[in-house]
Amino acid sequence: MVIARLRRRRRVSKDVVKRIGAFRHLDIAVPQLDLEEGYVSRFDVDALLRDEFLLINERHHVDLEVWNVSDASHLWNFNLHYFEYCVALAAAWRRAGDAKYLECFKRLVRSWLHACPYADGDAWHPYTISLRLVNWLICIDLFGSALSEDDAFMDALTKSMYVQYRHLLINQETHLRANHYWENLKTLLICAAAFDEQDVYRRVMRGFERQLDEQILPDGVHFERSLMYHKLVLEGMLRVWLTAKQTGYPLPKIFLPKVQAMLNAMASLEKGMGKTPFFNDAADGVAKTCGQLVVACKRLLGMNADDSITAFPNAGYYKLYDGDIAVMFDAGEPGPSYMLGHAHCDCLSFELSYKGEPVIVNSGTYAYQSELRPYFRSTAAHNTVVVDGEEQMECWGEHRVGTAYRHSSARRLSDNCLIGEMVLHDGKSIRRSISLKEDVVTISDALLSDGKDAVTVLFHLFPGINTVALSTDGDLSTDEYLYSPEFGVLNSAQVFKVAAFGTVTSRLEIGQLDE
């Protein structure tokens with residue numbers, strides 16, 4: 001990682017396009033994912049006709065001479081270069097048959113080719129290349145013959161794609177690894193097959209197989225412990241499978257078992273929750289939904305999702321059910337030790353839903369570049385225990401972590417009861433038990449250390465939920481907190497705060513929601 005970080009960005013030679021072979025059309029669009037109305041509606045396709053882009057719930061007019069918005073965040077500008085909105089353009093064209101959507105796609109691509117010469121700025125970052133190339137291939141698939149008939153456009157497009165692919169090949173994000181590196185490898189495999197470069201495919205596949213083994217834990221959860229990134233990786237696995245199926249290029253033996261494990265983990269962890277669980281950096285409106293991916297895996301692979309799993313010991317996630325109540329509990333590590341950029345202080349936190357509707361929620365993820373970033377990663381933004389105001393981890397900047405808690409573990413006492421423990425970096429130990437019985441959730445917290453340190457237990461209510469009854473042997477107060485279900489979206493809601501010394505027990509009566 002250190003060597004990779006010190007290495008300067010490399011450049012491909014000017015005559016690289018002389019090596020380009022025949023471009024192979026790949027059918028990697030998945031109708032259950034790419035044409036689904038809920039997904040397409042994230043993007044304002046008619047606004048694109050006037051160079052107005054709605055990305056991660058933020059709208060900006062873009063000067064296509066520069067392809068950058070100085071007033072927008074770095075993440076927003078990254079999204080601008082992903083070209084995912086053009087998948088929605090292709091979907092609109094297929095639905096309405098209006099040529100204006102096809103012409104808009106071609107105009108946007110041509111302007112990008114003119115405004116983003118090799119190899120400057122965010123446009124040529126390995127991560128934006130990784131996402132853009134796959135989105136362009138999806139668009140080529142969805143537009144079909146209407147696009148392929150324009151020989152001049154397709155020639156310019158495929159030449160640029162080849163340069164981007166070869167640039168990505170020599171600038172993989174091995175210094176970051178994690179989901180960035182996985183996206184690099186996924187795209188390289190797909191593009192190597194599209195340009196029929198079997199030697200590159202074989203070489204990249206060796207790294208891809210190692211990352212499958214490392215990044216997909218034995219229990220099926222992506223090792224960054226974010227269900228948002230988990231779903232993005234699973235979607236990418238489907239694109240790789242489609243590529244291999246059409247080209248005859250091989251996949252490793254562990255590939256399909258890993259897909260099945262990821263499918264089962266996603267379905268089980270989201271079962272009964274009503275949304276993406278907000279542990280670590282996670283939000284709705286980014287990845288495809290659990291339901292879409294379940295349907296796609298069934299349609300493409302014939303895989304059924306087993307949603308009955310309640311323990312994921314490698315990730316540290318556990319589920320509890322009783323009647324209409326579903327609980328997801330975290331008692332695991334924050335992520336891979338070398339990459340905690342997406343980690344939150346959420347150990348021993350939980351989310352609770354009732355009849356498939358969120359009731360107790362973590363605060364979410366508002367933005368990566370924002371003065372609110374430290375709050376959303378903080379211990380106080382989660383349904384856990386704060387000891388003497390101490391953070392579980394020192395979260396530095398946007399994506400860094402300093403000192404972190406030492407250890408965490410969990411054990412199940414019964415189908416309806418879990419106990420989790422964690423050791424803070426200063427040696428203080430916290431034990432939490434959660435039990436469910438007849439619409440009552442009992443949470444007992446104990447500080448296992450000498451003396452009686454002040455503890456604060458937090459329960460963040462989903463916006464609009466105000467009929468949950470809380471009884472406790474601590475001092476109860478209420479306050480408002482910020483809730484972000486999607487990037488760029490802020491709501492305020494109520495949080496219960498329970499103050500005590502050493503130990504405290506709290507009871508949440510959930511059945512009052514029916515009244």
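Values reported hereafter were calculated over all heavy atoms of this structure, with side chains retained and with hydrogens, waters and symmetry mates removed. From a predicted model like this one, the values you see are computed outputs, not experimental measurements.
Of the possible polar contacts, none joining the Glu224 side chain to the Pro336 backbone as a donor-acceptor pair under 3.5 Å is found. Judged by distance alone, the side chain of Arg406 and the main-chain N or O of His425 form a donor-acceptor pair under 3.5 Å. With Asp426 contributing its side chain and Lys428 its backbone, the two residues share a donor-acceptor pair below 3.5 Å. Within the 3.5 Å criterion, the main-chain N or O of Ala343 finds a donor-acceptor partner in the side chain of Arg377. Checked by atom type and distance alone, the side chain of Arg132 pairs as donor or acceptor with a backbone atom of Ala123 at under 3.5 Å. Under the 3.5 Å distance criterion, the side-chain polar atoms of Thr128 are left unmatched by any main-chain donor or acceptor of Tyr82. Under a 3.5 Å cut-off, the side chain of Thr365 and the backbone N or O of Ala282 do form a donor-acceptor pair. Without hydrogens or angle criteria, His382 side chain to Ser378 main chain gives a donor-acceptor distance under 3.5 Å. Distance alone, capped at 3.5 Å, is enough to place a donor-acceptor pair between the Glu36 side chain and the Gly38 backbone. A donor-acceptor pair under 3.5 Å is absent between the side-chain atoms of Glu173 and the main chain of Trp182, judged by distance alone.
Note: Tyr165 and Phe195 have parallel aromatic rings, judged against thresholds of 30 and 60 degrees for the angle between ring planes. Using the six-membered ring where Trp is involved, Trp76 and His60 have ring planes that are perpendicular, over 60° apart on the 30 and 60° scheme. Using cut-offs of 30° and 60° on the angle between ring planes, the pair Tyr249 and Tyr201 is perpendicular.
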(request) For side-chain contact (heavy atoms from CB on, under 4.5 Å), just list the numbers for Leu232 and Val286, CA-CA rounded to whole Å, side-chain angles, deciding distance to a tenth of an Å, and then say yes or no. (result) CA-CA 8 Å; Leu232 290 171; Val286 175; 4.3 Å; yes
(request) Please lay out, stage by stage, how Val240 and Phe255 fare under the test side-chain contact (heavy atoms from CB on, under 4.5 Å). (result) CA-CA 10 Å; Val240 171; Phe255 185 86; 4.0 Å; yes
(request) Begin with the C-alpha distance, continue with both residues' side-chain angles, and end with the deciding distance and a verdict on side-chain contact (heavy atoms from CB on, under 4.5 Å) for Ser370 and Phe376. (result) CA-CA 10 Å; Ser370 167; Phe376 280 100; over 6 Å; no
(request) Output, in order, the C-alpha distance, side-chain angles, deciding distance and verdict of side-chain hydrogen bond (donor to acceptor under 3.5 Å, both in side chains) for Asp330 and Ser349. (result) CA-CA 6 Å; Asp330 177 15; Ser349 184; over 6 Å; no
(request) Step by step, work out the side-chain contact (heavy atoms from CB on, under 4.5 Å) result for Tyr118 and Val12. (result) CA-CA 9 Å; Tyr118 184 67; Val12 297; 3.3 Å; yes
(message) Determine whether Gln260 and Asn264 satisfy the following criterion, side-chain hydrogen bond (donor to acceptor under 3.5 Å, both in side chains), listing intermediate values before the conclusion.
(response) CA-CA 6 Å; Gln260 182 72 70; Asn264 294 344; 3.0 Å; yes
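Trp112 and His81 share a donor-acceptor pair across their side chains, judged by distance under 3.5 Å alone. For the residue pair Glu197/Tyr162, the side-chain donor-acceptor check at 3.5 Å is satisfied. Residues Ser130 and Asn184 have side chains that bring a donor and an acceptor to within less than 3.5 angstrom of each other.
When the shell of 6.0 Å around CZ of Arg19 is examined, it contains more than 12 heavy atoms from other residues, nucleotides or ligands. Counting heavy-atom neighbours within 6.0 Å of Arg411 CZ, excluding the residue itself, gives a total of 12 or less. Annotation: Glu333, atom CD; neighbour count of heavy atoms from other residues, nucleotides and ligands within 6.0 Å does not exceed 12. Annotation for Arg11: atom CZ counts as buried by contact number, over 12 foreign heavy atoms lying within 6.0 Å. More than 12 heavy-atom neighbours from other residues, nucleotides or ligands sit within 6.0 angstrom of CD on Glu37.
The minimum heavy-atom distance linking Leu293 with Lys231 is given by the pair CD1-CB, 3.7 Å. Here the closest heavy-atom approach between residue Glu270 and residue Pro277 is recorded as CG-CD, 3.7 Å. Listed here is the closest heavy atom pair of Ala29 and Pro31: O-CD, 3.8 Å. In this structure, Pro313 and Tyr318 approach most closely via the heavy-atom pair CA-OH, 3.7 Å. What you find for Arg225 and Ala315 is that their closest heavy atoms are NE-O, 3.5 Å.
The salt bridge (Lys or Arg N to Asp or Glu O under 4.0 Å) contacts involving residues 236-249 comprise Asp34-Arg239, Glu235-Arg239, where partners must be two or more places apart or lie in separate chains.
Ionic pairing of Arg42 and Glu486 is not present here: no N-O contact between side-chain nitrogen and carboxylate oxygen is shorter than 4.0 angstrom. Here Arg373 pairs with Asp281 in a salt bridge; the nearest charged N to carboxylate O distance falls below 4.0 Å. Using a cut-off of 4.0 Å between Lys/Arg side-chain N and Asp/Glu carboxylate O, Asp196 and Arg24 are scored as salt-bridged. One finds a salt bridge joining Arg177 and Glu214 here, because a Lys/Arg side-chain nitrogen approaches an Asp/Glu carboxylate oxygen to under 4.0 Å. A salt bridge links Asp44 to Arg59: at least one charged side-chain nitrogen sits closer than 4.0 Å to a carboxylate oxygen.
Among His222, His342, His180, the single residue meeting the ring pair (Phe, Tyr, Trp, His ring centres under 6.0 Å) criterion with Tyr229 is His342.
Atom OG1 of Thr158 is separated from atom CD1 of Ile20 by 5.0 Å, given to the nearest 0.5 angstrom. Note that CG of Leu80 is 6.5 Å distant from CG of Leu55, once rounded to the nearest 0.5 Å. Note that CD1 of Ile170 is 6.0 Å distant from CZ of Arg10, once rounded to the nearest 0.5 Å. One finds the CD atom of Glu351 at 7.0 Å from the CZ atom of Phe278 (value rounded to the nearest 0.5 Å). Separation of atoms CG (Leu352) and CD1 (Ile360) is listed at 6.0 Å; rounding is to 0.5 Å. Here CG of Asp284 is found 3.5 Å from OG1 of Thr276. Values are rounded to the nearest 0.5 Å.
Close placement of the Tyr481 and His460 rings is indicated, their centers lying within 6.0 Å of each other. Between Phe83 and Trp136, the distance separating the two ring centers is shorter than 6.0 angstrom. Between Tyr368 and Phe487, the distance from one ring center to the other falls under 6.0 angstrom.
In this structure, Leu168 and Leu188 have side chains that are in contact, with non-hydrogen atoms separated by less than 4.5 Å. Within the 4.5 Å cutoff, no side-chain heavy atoms of Asn362 are placed close to those of His344.
Annotation: cation-pi geometry not satisfied between Lys275 and Phe462 (NZ/CZ under 6.0 angstrom from ring centroid, within 45° of ring axis).
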